[in-house]
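For reference, the structure discussed in these notes is given below.
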Amino acid sequence: MLIASWNVNSLTARLPRVLAWLESSRPDVLLVQETKCANAAFPAEALAGIGYQSAHHGDGRWNGVAIISRVGIAEVVRGLNIPAPTGLPEPRFLSADCGGMRVASVYVPNGREIGHLYFSYKLAWLQELGEVVARDLTKGELVVGGDFNVAPTDQDVFDPQAFTGATHVTVEEREALQTVIAKGLVDLATIGQNPGFTFWDYRQGFFRRGLGMRIDLLLASPVTASRVTKLWVDRQERAGERPSDHAPLVAELE
DNA sequence: ATGGCTAAGATGCTTAGA
C-alpha cells in the first residue's frame, strides 16, 4: 500500500501534474493540502475518470484539503472546531476511513510572524489537532499527513542560522508539534532513513540550490509505522514546468 | 540592494504563503 501527502499549491493550477502523478505512481491514498478551491470547483470527475474517489473540504481562495483514494472513502469528517482570528473556521482538516485505516489530511496554519495573532492560532490549532488525534487513535490504525508548517528539528532546515527570528522553527511550534505526536504517533521520517526536504521556496532558485525544509510529515500509529517498508520524497515533482513549491512525501506499507 | 516567486480574486493591484 502507498500513502502520500502533497501540498499542491492550488489543485486547479496543478491538476495536470496531479493527474499525471496519480497515474504514474498509483498511490492508494493521496492526502492533499492547499487545494485553493471551493467544493463546487473540486475536480472530482477528473479524478473519478482515473479510478479515484475523493473528498474535499474547501471554501475558495485559500487553504482547502482533500483525500483522494482508490481503496474507498467513508466516515468523512470536515474541519477542526477552532476559529481563525477572523472568527471564522478555515478548511484545514479532513479525515476519513480509507482501506481499513483512518487517514487525515492537515494543513497547519502558517503563523505569519512570531507573536502574530495567527501564530497563537497556529499553536491552538495544533493543540486541537492533538485532541482529535487522541480520539481517533482509540479506534485503530491512523495516518495523519500534511503540511505542518513546522520543521521538527534544526536538521530539517537548510541552515538554522537563516531562520533566526522566523516561524516554523521556534521552540513553541516544535513543542506544539511534539504534543500532537506524543498522543501516540510516529513521525515516519524518524524511523529508518530521513527522506529529506519536502518544501523549497520558489524564489532565488532555492530548489536548484538545495535550500529546503522538511515541513510535510506523515505521522502514523505505531502498528502502522511498523508496516512501513520505504519512505521518500518525489523530488521530480518539484522540478519542471509549473511545480508546486512542495513535493509529494510517499510511504510504502506492507 | 534586505529583494528576488507563485496563485488567485477582481487586476493592472492586494493578500498570502514559508
Side-chain angles (χ1 to χ4, degrees), chain A residues 5-19 32-43 56-66 83-93 105-123 125-126 145-174 176-177 189 196-217 233 235 237-249:
Chain A
S5 178
W6 192 7
N7 178 325
V8 297
N9 185 20
S10 171
L11 187 55
T12 309
R14 220 65 61 209
L15 189 60
R17 274 191 98 114
V18 171
L19 291 173
V32 182
Q33 302 84 39
E34 280 206 90
T35 61
K36 292 185 170 178
C37 65
N39 285 332
F42 183 78
H56 180 243
H57 182 44
D59 60 14
R61 185 173 179 184
W62 288 304
N63 314 305
V65 282
T86 56
L88 300 171
E90 295 177 330
R92 295 177 174 276
F93 176 92
S105 178
V106 308
Y107 177 46
V108 177
N110 167 291
R112 300 191 184 180
E113 290 170 28
I114 297 170
H116 199 284
L117 270 176
Y118 278 83
F119 189 80
S120 308
Y121 167 51
K122 180 180 194 173
L123 300 178
W125 199 94
L126 280 164
D147 177 358
F148 282 77
N149 274 320
V150 179
T153 73
D154 277 353
Q155 283 68 55
D156 298 313
V157 297
F158 65 87
D159 176 11
Q161 301 257 10
F163 289 84
T164 305
T167 57
H168 294 61
V169 298
T170 65
V171 171
E172 293 95 325
E173 290 163 280
R174 285 174 173 168
L177 172 63
F197 299 144
T198 62
F199 163 85
W200 298 261
D201 198 299
Y202 281 125
R203 292 172 286 193
Q204 299 176 258
F206 269 31
F207 179 65
R208 179 177 49 78
R209 294 158 61 195
L211 308 180
M213 306 171 75
R214 186 175 77 88
I215 54 177
D216 299 272
L217 311 177
V233 176
R235 276 179 289 273
E237 285 305 321
R238 181 61 182 79
E241 286 286 301
R242 290 190 87 190
S244 168
D245 41 5
H246 298 249
L249 174 66

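Just so it is clear: chains get the letters A, B, ... in the order the sequence lines come, proteins before strands, and each one is counted from 1.
With rounding to whole Å, A/Arg238 atom CZ is found 12 Å from B/dC5 atom P. To the nearest angstrom, C1' of B/dA8 lies 13 Å from CG of A/Asp59. Atom CD in A/Glu34 sits roughly 13 Å away from atom P in B/dA16 (whole-Å rounding). In this structure, OH of A/Tyr121 is placed 13 Å from P of B/dA16, rounded to the nearest angstrom. Between A/Phe206 atom CZ and B/dG17 atom P the separation is 18 Å, expressed in whole Å. A/Asp245 places its CG atom 10 Å from the C1' atom of B/dA7, with the value rounded to the nearest Å. Computed from coordinates, the A/Phe197 CZ to B/dA18 P distance equals 16 Å when rounded to whole Å. Rounded to a whole Å, the CG atom of A/Asp216 is 15 Å from the P atom of B/dG17.
Across B/dA7 and B/dG3, the matching P atoms stand 22 Å from one another, rounded to whole Å. B/dG4 and B/dA18 have their C1' atoms separated by 15 Å, given to the nearest Å. Rounded to the nearest Å, the gap between the C1' atom of B/dA8 and that of B/dG12 is 14 Å. Of the C1' atoms belonging to B/dT15 and B/dA10, the separation is 12 Å, rounded to the nearest Å.
Applying the 4.0 Å criterion to OP1 and OP2 of B/dA16, one finds that A/Tyr202 has every side-chain N and O outside that range. Between B/dA18 and A/Thr167, no contact under 4.0 Å exists linking OP1 or OP2 to a side-chain N or O. In terms of phosphate contacts, A/Arg203 brings no side-chain nitrogen or oxygen within less than 4.0 Å of OP1 or OP2 of B/dG17. A/Asn7 has a side-chain polar atom (N or O) that falls below the 4.0 Å cut-off from OP1 or OP2 of B/dA18. The side chain of A/His246 places an N or O atom within less than 4.0 Å of a non-bridging phosphate oxygen (OP1 or OP2) of B/dA18.
When the nearest nucleotides of DNA chain B are assigned to A/Asn110 and A/Pro243 by heavy-atom distance, the more 5′-ward of the two goes with A/Pro243.
Listed by first and then second residue, the salt bridge (charged side-chain N to carboxylate O under 4.0 Å, His left out) pairs that reach into residues 106-122 of chain A are A/Lys122-A/Glu173, sequence neighbours excluded.
Residues meeting the salt bridge (charged side-chain N to carboxylate O under 4.0 Å, His left out) test with A/Asp245, sequence neighbours left out: none. In this view, A/Asp59 satisfies the side-chain hydrogen bond (donor to acceptor under 3.5 Å, both in side chains) rule with no residue, not counting sequence neighbours. Residues that satisfy the salt bridge (charged side-chain N to carboxylate O under 4.0 Å, His left out) test with A/Arg214, not counting sequence neighbours, are A/Asp156, A/Asp187. Listed by chain and number, the residues in a ring pair (Phe, Tyr, Trp, His ring centres under 6.0 Å) with A/His57 amount to none (sequence neighbours excluded). Applying the salt bridge (charged side-chain N to carboxylate O under 4.0 Å, His left out) criterion to A/Arg61, with sequence neighbours excluded, gives no partner residue.
Within residues 147-166 of chain A, the residues having any heavy atom under 4.0 Å from DNA chain B are, by residue number, A/Asp147, A/Asn149.
Each of A/Arg14, A/Glu34, A/Gln33 was compared with A/Asn7 under the side chain to side chain donor-acceptor pair (under 3.5 Å) criterion, and only A/Glu34 meets it.
Here A/Tyr107 lies in heavy-atom contact (under 4.0 Å) with sugar-phosphate atoms only.
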Donor-acceptor contacts under 3.5 Å from residues 158-167 of chain A side chains, at least two apart:
| from | atom 1 | to | atom 2 | distance (Å) |
| --- | --- | --- | --- | --- |
| A/Asp159 | OD1 | A/Gln161 | N | 3.1 |
| A/Thr164 | OG1 | A/Gln161 | O | 2.8 |

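The shortest distance between side-chain heavy atoms of A/Asn63 and A/Val65 does not fall below 4.5 Å. Residues A/Arg235 and A/Trp200 have side chains in contact (heavy-atom distance under 4.5 Å, counting atoms from C-beta outward).
Nearest to the side chain of A/Arg14, among B/dA18, B/dT6, B/dA8, sits B/dT6. Distance from the side chain of A/Arg92 is smallest to B/dG17 among B/dA18, B/dG17, B/dA7.
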List every contact pair, protein side and nucleotides 11-15 of chain B side both N or O, where the distance is under 3.5 Å.
| from | atom 1 | to | atom 2 | distance (Å) |
| --- | --- | --- | --- | --- |
| B/dT15 | O2 | A/Arg61 | NH2 | 3.3 |

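The two residues A/Trp6 and A/Ser244 have their closest heavy-atom pair at NE1-CB, 4.1 Å.
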